[in-house]
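Keep in mind that what you see is a predicted model, and the values were worked out from it rather than measured. Atoms within each ligand, like the ligands themselves, are counted from 1 in listed order.
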Amino acid sequence: MASVSVSSGLNKTLRQHYMSLPQRGLCQVTYVWVKGSGEGLRNKTRTLDREPQGLEDIPEWNIFAPTCEKDQSKSVMYLIPVRIFSDPFTLDPNKLALCEVLQYNRLPAETNLRSDCNKVMDKVKEHIPWFGMEQEYTLLGINGRPYGWPSNGFPAPQGPYDCSIGADRAYGRDIVECHYKACLYAGVKICGTNAESMPSQWEFQVGPCEGIEMGDHLWMARFLLHRVSEDFGVVASLDPKPMTGNWNGSGCHTNVSTKDMRAEGGLRYIEQAIEKLSTRHAEHIKVYDPHNGRDNMRRLTGLHETSSIHDFSAGVANRGASVRIPRQVGQEGRGYFEDRRPSANCDPYAVTAAIARTCFLDEEEE
Ligand code: ADP
Ligand code: MN
Ligand code: MN
Ligand code: MN
C-alpha cells in the first residue's frame, strides 16, 4: 500500500484557479465539533448571506446521529457555535465555527465535555487561570506506519531526532510549518513547535490561554493539524504510544498558573496546588485519556521521560515526575507548573476542568 493518499496526488495548480474565484459577498462557514467517540473531529460547511460579525450571526445547525432506534426524533443533535476562527484554507471572509453538541432535549451530548468545563472555569475565574498545552503527535502514512520509516525495518535509534534538522532526521516538516501558519491565520494561540524524540513525531504548543479558551484553541489546532495533514496525504495520530519498544510515546503536557502563582512569591501557591493534585492522582489519571487511563497505561511506564501511572511524584526540573516545576520557575520563585500526565489524545476540556476543580475550587463549592 502507498504511504500517501490518492487525493494528495490531485492537480493542486488546477485547484488554485477555483480557489481564487470571487464569491459574490457570500460567506462559507465550516462547523467543527468533537465527534461522538470523544476523540477526533467532524465538520460540515454551509453558505451564509454575509460575513458573521459575532457568534450571534452564526445560526445553530443540526446533525443526525442515530442513537435511538425506536424514537427517531431523539436522533437529532444540535450544533451550537461557541468560538469563531478565520478559515486558513478558503481564506477571509470564510470562517471556522467551533461548536458544542447538544442532544435532542438540549442537554449536553455525552462527549460534550466543554459544557461542564465552562461551568468550572466560571467558578474559578477570579484566580485568572492560564493554561498552556504541548500537543505531541506522530505523522503516519495511510498505511499506518510512521511517515518515512522503512517498510521493513526501523530508523536509527532515538537520540538525534529531538529538535533536529536534516533530511535524515526531521521527517515531514512541511506539515509542521504549514500547520503553524494555518493556526496563526485562524487566530489559534499557537506559541511554538519542535521536532520530537521519535522520527516523524512532532509537538506544537498552544497558550497561555485563560480558562475555557484552552480547550477551544487546542481542539481547533487539532482540526487544522488533521486538515493540513490531509492536504499532504498523511495522517496525524494522537495515539499515546504509536510504536512499542524503545520509542517515546506522545503526551499533552498541561502547564498551569493563576494570578497568585505568577506574582512575587507565587511558588507557595504552586506547591499548594501540587499538594492537592497528589491526593487525587487516580481520579486525574481516569480523565487524562478518553478511556479511563487505559491509553496512558501504554505510555506512563516510568521510562522515556514519563512517570509511572501508579504513583504521583513532583519535582523541580524533573522530567520523570508526574508534575514538574520548571527550573526557571524554581529559581524565580514564581510562574507555573507542568502536569506531564495527560495523554496526547486527551480531551483538553476534561483535563483543564479536573485541574481547576482539584486545585482552585474549595471543597464546598464542588
Ligand atoms: P517544555 O519545556 O515542557 O517542553 P514548552 O516550551 O514546550 O515546554 O511549553 C511550555 C508551555 O507552557 C506552552 O504551552 C506555554 O503556553 C505554557 N506557559 C508558559 N507560561 C505559562 C504560564 N504562566 N501559565 C500557564 N502556561 C504557561
Ligand atoms: Mn515541550
Ligand atoms: Mn515534548
Ligand atoms: Mn513539557
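- The atoms of ligand 1 that sit less than 4.0 Å from any heavy atom of M133 are 14 (O).
- Among protein heavy atoms, the minimum distance from atom 16 (O) of ligand 1 is reached at G207 C, 3.2 Å.
- The name of the N, O or S atom in H253 nearest to the Mn ion (ligand 4) is ND1.
- Side-chain contact between T352 and C117 is present, with at least one heavy-atom pair separated by less than 4.5 Å.
- Between N194 and ligand 1, no N or O atom pair is found at a separation short of 3.5 Å.
- Judged by the shortest distance from any of its heavy atoms, G192 lies outside the 4.0 Å radius around the atoms of ligand 1.
- Taking 2.8 Å as the criterion, E136 counts as a coordinating residue of the Mn ion (ligand 3), since one of its N, O or S atoms falls below it.
- For K189, the closest heavy-atom approach to ligand 1 does not fall below 4.0 Å.
- Nearest protein heavy-atom neighbour of atom 11 (C) of ligand 1: N255 ND2, 3.2 Å.
- One hydrophobic cluster, built from ILVMFWY side chains closer than 4.5 Å, holds both L267 and L277.
- Side-chain contact between T30 and V32: present, with at least one pair of heavy atoms (C-beta onward) separated by less than 4.5 Å.
- Residue H253 places no N or O, backbone or side chain, under 3.5 Å from any N or O of ligand 1.
- Nearest N/O/S atom of E338 relative to the Mn ion (ligand 4): this is OE2.
- Protein heavy atom closest to atom 21 (C) of ligand 1, with residue, atom name and distance, is Y336 CD2, 3.6 Å.
- Side-chain contact between K181 and P88 is absent, with no heavy atoms from C-beta onward closer than 4.5 Å.
- Closest protein heavy atom to atom 23 (N) of ligand 1: S257 OG, 3.2 Å.
- Distance from atom 13 (C) of ligand 1 to its nearest protein heavy atom, with residue and atom name: C191 SG, 3.8 Å.
- Cation-pi check for R340 over F312 is not met; the charged atom does not lie both under 6.0 angstrom from the ring centroid and within 45 degrees of its normal.
- Contact annotation: E305 places no N, O or S atom under 2.8 Å from the Mn ion (ligand 3).
- Using a 4.0 Å cutoff on heavy atoms, R340 does not count as a contact of ligand 1.
- V234 and L41 fall within a single hydrophobic cluster, where Ile, Leu, Val, Met, Phe, Trp and Tyr side chains are chained together by heavy-atom contacts under 4.5 Å.
- Residue, atom and distance of the protein heavy atom nearest to atom 7 (O) of ligand 1 are E203 OE2, 3.0 Å.
- Cluster annotation: I80 is not connected to V29 through the hydrophobic network of ILVMFWY side chains, with a link wherever side-chain heavy atoms come within less than 4.5 Å.
- At under 3.5 Å, a nitrogen or oxygen of R324, whether backbone or side chain, sits near a nitrogen or oxygen of ligand 1.
- The main-chain N or O of R341 is found under 3.5 Å from a side-chain atom of N296 such that the two form a donor-acceptor pair.
- Listed by number with element, the atoms of ligand 1 under 4.0 angstrom from any heavy atom of E338 are 3 (O).
- The closest donor-acceptor contact from the side chain of W219 to the backbone of W33 lies at 3.5 Å or more, if one exists at all.
- Follow the hydrophobic side-chain contacts under 4.5 Å out from V256 and you never reach V120; the two are in separate clusters.
- Considering only non-hydrogen atoms, atom 4 (O) of ligand 1 lies nearest to E134 out of E136, R334, M261, E134.
- Under the 3.5 Å distance criterion, with hydrogens and angles disregarded, a donor-acceptor pair is assigned to the side chains of Q23 and N94.
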